[in-house]
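Here the structure is laid out as structure tokens; the discussion comes afterwards.
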Amino acid sequence: MNIPSNLMTRVASPYSRMGNRQTAQGDGQKSAFDMYLDVDRQRQKMRELPPGRMLDSVYMQFRDDYRAWKAQRPEAVLPDSQGRSEENLAFLRKRYAGDLSAFEIYDALDTMKEMGILSEKGLRCAEGITMIRLDIKGGVFQTSVDPDSDAAWLHGFDEAPMVGFRSLDDILSWAKDFREDDWPDFITGAEAMARGWI
């Protein structure tokens, strides 16, 4: 793929290299997101589509399913406080106890954003969809990905930090360590390559 100079692009999360996915799957336990990470299932769904139809990205499939799930749940009445207050943490611990489903994980992240515990950028970073403007001077960045590889099917969804979460404690720990400075809005091509993002 050619990426023109000054293009907004999705890059690999620096947090994905901190073992989130390994934590979720390296100990033999499944990720709550396994249904979406199953590339064979994605290929089968594609084969079952009528000619000329395409699947949405795995992320968009997840978001559509989450919206349908969310529509069936009662609206939560959030505490009045903002930030990482005892009141907010107590609310989260009551609402998101035990091992969480993929939808509960995302819902907890979204709720934390509403409570001011997590910024909009923090939520996007947890989803793995943060956009960083790359400035690649003097040409284009070339990359080749096997169109039938897992990477081509998943489009980085498997590297999203939220994929490694199983419980509210996982989410709160990640949010506490999250630093917006690790997610610049602009980066040069050379710096992105030095960070291993491209």
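Positions are given from 1, in the same order as the sequence printed here. FYI, side chains are in, hydrogens and waters are out, and symmetry mates aren't considered; it's all heavy atoms of this structure.
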Regarding Arg47 and Gln44, is there a side-chain donor-to-acceptor distance under 3.5 Å anywhere?
yes
So, for Phe62 and Phe103, is the gap between ring centers shorter than 6.0 Å?
yes
Taking the side chain from Glu180 and the backbone from Ser119, do they hold a donor-acceptor pair closer than 3.5 Å?
no
For atom CD of Glu86, decide whether the heavy atoms of other residues, nucleotides or ligands shown that lie under 6.0 angstrom number more than 12.
no
Give me the one residue out of Lys121, Lys113, Arg63 that meets salt bridge (Lys or Arg N to Asp or Glu O under 4.0 Å) with Glu127.
Arg63
Electrostatic pair Arg93:Asp169 at N-O distance under 4.0 angstrom
yes
With a 3.5 Å distance limit and no angle check, can you tell me whether Arg179 reaches the backbone of Lys176 through a side-chain donor-acceptor pair?
yes
Would a 4.5 Å heavy-atom cut-off, applied to side chains only, mark Met46 and Arg53 as touching?
no
Do we see a donor-acceptor contact under 3.5 Å between the side chains of Ser31 and Tyr36?
no
Quick check for you: to the nearest 0.5 Å, what is the distance between Phe165 atom CZ and Tyr96 atom OH?
14.0 Å
Taking atom CG of Asp80 as the centre, does the number of heavy atoms from other residues, nucleotides or ligands within less than 6.0 Å exceed 12?
no
Is there a side-chain contact between Tyr106 and Leu123, using heavy atoms and a 4.5 Å cut-off?
yes
